[in-house]
Amino acid sequence: MTSHLDPAEPSPGATEDGYDPTAVEAKWQERWRERGTNHTDLGGGERPFYALMMFPYPSAEGLHVGNLFAFTGNDIYARFQRLQGHTVFEPLGYDAFGIHSENYALKVGVHPMRLIPRNIANFRRQLERAGLMVDWRYSVDTTDQSYYKWTQWVFLQLYKHGLAYKKKAAVNWCPSCKTVLANEQVVGGACERCGTVVEQRFLEQWFFRISDYAERLLHNLATIDWSETTKTAQRNWIGRSEGAELVFPVQGTGGHAIPVFTTRADTIFGATYMVLAPEHPLVPALTTDVQREAVDAYRARSARQDLITRKVNKEKTGVFTGSHAVNPATGAPIPVWIADYVLMDYGTGAIMAVPGHDERDFEFATVFGLPIVRVVAGAGDDASTELAVAFVENEAGRLVNSGTFDGRTVADAKRDITEMLHGKGAGKGVVNYRLHDWCISRQRYWGPPIPIIYCDVCGAQPVPEADLPVVLPDIEDYRPDDSGISPLARHAEWYHVACPKCGKQGRRETDVSDTFLDSGWYFLRYPSADRTDVAFDPAITRKWLPVNSYIGGNEHAVLHLLYSRFITMVLHDMGHLTFEEPFTRFRAHGLIIKEGAKMSKTKGNVVIPDQFIEQWGADAFRTYLMFLGPYEEGGDFRDAGISGVKRFLDRLWLAATLATTEGVPDESVMRKLHQTLAKVGADIPKLSYNTAIAALMEYMNVLRRGERRPHRAEVEPVVQMAAPFAPHVAEELWERFGHGGSVFDAGWPRFDEALAREDAYQLAVQVNGKLRGTLSVGVGIGQDDAVALALAEPGIAKFVTGSLRKVIFVPGRLLSLVV
RNA sequence: GCGAGGGUGGCGAAAUGGUAGACGCGGGGGACUUAAAAUCCCCUCCGGGCAACCGGGUGCGGGUUCGAUUCCCGCCCUUCGCACCA
């Protein structure tokens, strides 16, 4: 201790130059438990504020720094809201079902029912050590019967309203994980989890009709306060596309007709052939005997082909069916082909090919020698200008070779041609979406069984709500096999069950549901987690939802966030909820990287929070994570940087423990204090944590200047402002100031604008746009006085070589002289 | 290919039309110490100059403006998402 000031007496938790985080943090975590400081009065609390963060998957490796970065950011926001006088609810739980847990369990040979509780206990220990303001009385564990009972209940609600249905569908099959994957879980044709190339299989699957909600899911985006990047991702995923469905009659095949979806009805005069997806149901009927062998071979090849080959290999292949259709605009017969560049699951699974104005069709027509006709001419082109490539710039385009529509703009022709075909019964305007129905079936063990019973007499029957949960049996052979049938089917005592309708022996559905169903409604469960009789209590739900603030990773921008919105909308429509959007505000946090690279086990650059917390304390670790960079952009974690933050907390500790109540606070220090109060109070709601911390550091530098002994009034508000970041230290210092309760119930320091106001400032003076000096001036100075003062300064005046042509005076900022 | 971010000292970063580099790390120098650690103080964008100062500088090239990291146009690089979506 080299300062000339000494603490009155050594105190526990203090070290020579600061504080001992281990002692202080253990003390306060114990205190919080004893006092129930983090408990939320859900029934009676005033001004409820629900601060939600995405719940973690409790991996065996334990909490990683990315989890903690996310949770800390939410915790700071939640604690700040509490300091603003809200009753804050900050719950946390575990998303513990799913293929990830199951694969890990298989790998290490420990049953998931034994593994997951172990992981959860470890997570809980780490989360508590990090000092989160979580009310653990209201937690959820998606693998607990008391939770998944209600996940099954949610399924039944959708089933009863016709929103859950079963169909045989081509699905992505991972031969290594031996399971079906959602489209979203296939990355570049490979399994997102293990990287194995995905195959196609046809299986009976349960689906939710999310596509029925596409328009509302898109439309409502305009009403919610979400990160713009997240909303954009959802808009792209929903993929609304306005166009027309046009019908092409087939020649001589007994009334067959091919509907196509197109966004370019204006180009119909240039449709010189048609293409159906190989799987299209009309293909057998349209194939002529001469072509049948070739067509069948091509269809067989496509069916066998895995998705990666089909999607990545963009070389055009196809086979002529032997049939011709009639172009409804020209009346000309055009050949019908099949090709795998047309996808069965978009639009109608068939297209009119306009090689002159579509790059893919152009390529196909070139390969197979099909006619290419220009029907749109750009500036400087005419009807006969050769097409070397597909012409797709349609802004300035005018129609050509299109009969009475020649000369029209592309936009006009789209409308007029659709109208003309509509009049002939050959088409209509339609809106198409890229969004597909949500496949929720998983042929795996580690998930909630889908509550359906099959009866030979009565068909598929929902399990009565009174019989929920359908308990996932504790079986030893849960390993999936190649059959595509869930491991549950191998357990007769579970599999065979009485039909709920007729009582005869039936069979249980052996698929379990997707984890995104677990997480699709968990935010509804938290406030009602103590209720065994309902999924969520209506009155509590009305009080606490929708969620005021939701923070999480943008990797869930389309999956979890879209499904949650869908489930909420559906439950709203059934009358279970009064709102249809679950998250009023959503902010995506950034990613923590390490020395410029993503953290990963293979790179060996994963930061384990425990070691840092042990060495530096949770407060310093939290504050450092938030200081790394802008919260919504993430930051680069470097081991060295944390020392600066710990130094800041030590200085705060010393300033607070040395503070005096004698004399009066320094006027200029108090001015800086109130300026800091304004800055920190504005930055935290914007999640601009790094600049808020910088402002606090800057203030501490002012406070300590000259090693003066600070006045208590100069320090106490800093303890409150620092509390969201460093809650343990703040509590300890608050107590040492003699306060009885928690600092988090003390409110936010009062900001006084009069005290923050400066009476003088540095006026920058520019001559011809270059800075030539600064003047210290009073706040009220006018332009003329400022100019006179500037010209009196030799260092400035020497650049003023002629008469002043222009003067720009920005009070409080600068004076710009133009000569 | 399409969509959304991002590019600023040795490093993490600030500043969204008004003094570029706040705050922190690292580095250099000093105080204290027998010494070291810790702590405290000073310096730290680049070039020139003993200095006061001068010139240059926010990926690159243009433009608007008294003034541009910030706005506009055209490129380059990079991260993420989507991708034969008709």
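All chains are named by letter (A, B, ...) in the order of the sequence lines, taking the proteins before the strands, and each is independently numbered beginning at 1.
A 3.5 Å limit on both hydrogen-bonding distances identifies B:C80 as the Watson-Crick or G-U partner of B:G3. Across all strands shown, B:U39 forms a Watson-Crick or G-U wobble pair, both distances under 3.5 Å, with B:A31. Summarising the base pairing, B:G24 is matched to B:C11 through a Watson-Crick or G-U wobble pair whose two defining distances lie under 3.5 Å.
Straight-line distance between the C1' atoms of B:G18 and B:G28: roughly 34 Å, to the nearest whole Å. A gap of 36 Å separates the P atoms of B:G6 and B:U39, to the nearest Å. The gap from the P atom of B:G27 to that of B:A38 amounts to 11 Å, rounded to the nearest Å. Going from the C1' atom of B:C76 to that of B:C60 covers 7 Å, rounded to whole Å. Here the separation of B:A15 from B:A68, taken at their C1' atoms, is 13 Å to the nearest Å. Spacing of C1' atoms, B:C72 relative to B:U65, comes out at 12 Å, to the nearest Å. Nucleotides B:G29 and B:G7 have their P atoms positioned 34 Å apart, rounded to a whole Å. Distance noted for atom C1' between B:A13 and B:C23: 8 Å (whole Å).
Of the side-chain N and O atoms in A:K770, one or more sit less than 4.0 angstrom from OP1 or OP2 of B:G56. For B:U39, the OP1/OP2 oxygens have no side-chain nitrogen or oxygen of A:R651 closer than 4.0 Å. Remark: A:R647 is in phosphate contact with B:U39, judged by side-chain N or O atoms under 4.0 Å from OP1 or OP2. Look at A:N690 and you'll find a side-chain N or O under 4.0 angstrom from OP1 or OP2 of B:A14. OP1 or OP2 of B:C41 sits under 4.0 Å from a side-chain N or O of A:R704. For B:C2, neither phosphate oxygen OP1 nor OP2 lies less than 4.0 angstrom from any side-chain nitrogen or oxygen of A:R434.
Contact record, A:I268 with A:A329: CG2-CB, 3.6 Å, taken as the closest heavy-atom pair. Nearest heavy-atom pair, A:A339 versus A:T317, reported as atom, atom and distance to 0.1 Å: CB-O, 3.2 Å.
Taking atom CG of residue A:L435 and atom P of nucleotide B:A83, one finds them 13 Å apart after rounding to whole Å. Counting to the nearest Å, the P atom of B:A86 and the CD1 atom of A:I351 are 11 Å from each other. Rounded to whole angstrom, the span from the CE atom of A:M697 across to the C1' atom of B:C25 amounts to 10 Å. Remark: P of B:G67 and CD1 of A:I808 are 8 Å apart, rounded to the nearest angstrom. Rounded to whole Å, atom C1' of B:G24 lies 11 Å from atom CZ of A:F648. If you take CG of A:L817 and P of B:U19, they are 16 Å apart, rounded to a whole angstrom. Nucleotide B:G67 holds its C1' atom 16 Å from the CG atom of A:L804, rounded to whole Å. When rounded to the nearest whole Å, the span between OH of A:Y689 and P of B:A22 equals 25 Å.
If you check every strand for non-hydrogen atoms under 4.0 Å, A:T229 touches sugar and phosphate atoms only. When heavy atoms are screened at a 4.0 angstrom cut-off, A:R772 is found touching the sugar-phosphate backbone but no base atom. Contact annotation for A:T691: backbone-only contact, meaning every heavy-atom pair under 4.0 Å involves sugar-phosphate atoms and none involves a base. At the heavy-atom level, A:L628 lies under 4.0 Å from the strands shown only through sugar-phosphate atoms. Counting non-hydrogen atoms under 4.0 angstrom, A:F799 reaches the backbone sugars and phosphates but no base. In this structure, A:Q762 reaches the bases: a heavy-atom distance under 4.0 Å links it to at least one base atom across the strands shown. Nucleic acid contact class of A:A233 (heavy atoms, under 4.0 Å, all strands): none. No contact: A:R235 has no heavy atom under 4.0 Å from any strand. Residue A:N701 is classed as a sugar-phosphate contact, given heavy-atom separations below 4.0 Å to backbone atoms only.
Note on ring orientation: taking the six-membered ring where Trp is involved, the planes of A:Y689 and A:F725 are perpendicular (angle over 60°, cut-offs 30° and 60°). By the 30° and 60° cut-offs, the orientation of the rings of A:F364 relative to A:Y341 is tilted.
Counting only heavy atoms from C-beta outward, the side chains of A:W616 and A:S643 approach each other to under 4.5 Å.
Closest to the side chain of A:R638, from the set B:G3, B:G12, B:U19, is B:G12. Side-chain proximity of A:V342 to the nucleotides B:A86, B:G18, B:G3 is greatest for B:A86. Between B:A14, B:C25, B:G18, one nucleotide has an atom nearer to the side chain of A:P630 than all others, and that is B:A14. Checking B:C25, B:A86, B:A22 against every side-chain atom of A:S241, the shortest atom distance belongs to B:A86. Set against B:C23, B:G3, B:C84, the side chain of A:F627 has B:C23 as its closest nucleotide. In the set B:G18, B:C25, B:A86, B:C25 carries the atom at the smallest distance from any side-chain atom of A:A640.
A donor-acceptor contact shorter than 3.5 Å links the side chain of A:Y298 to the backbone of A:D340.
Comparing A:E228 and A:G644 against RNA chain B, the residue whose closest nucleotide sits nearer the 5' end is A:E228. Place A:E698 and A:L771 on RNA chain B by their nearest nucleotides, and A:L771 ends up nearer the 5' end.
In B:G9 the base sits syn relative to the sugar, since the glycosidic angle is no further than 90° from 0.
A distance of 6.0 Å separates CZ of A:R671 from OG of A:S668, quoted to the nearest 0.5 Å.
Enclosure of atom CD in A:E359 is not indicated, since only 12 or fewer non-hydrogen atoms of other residues, nucleotides or ligands lie within 6.0 angstrom.
You'll find a donor-acceptor pair under 3.5 Å spanning the side chain of A:Q766 and the base of B:G18, going by distance alone.
Between A:D650 and A:R647 there is no salt bridge, since no side-chain N of the basic residue sits under 4.0 Å from a carboxylate O of the acidic one.
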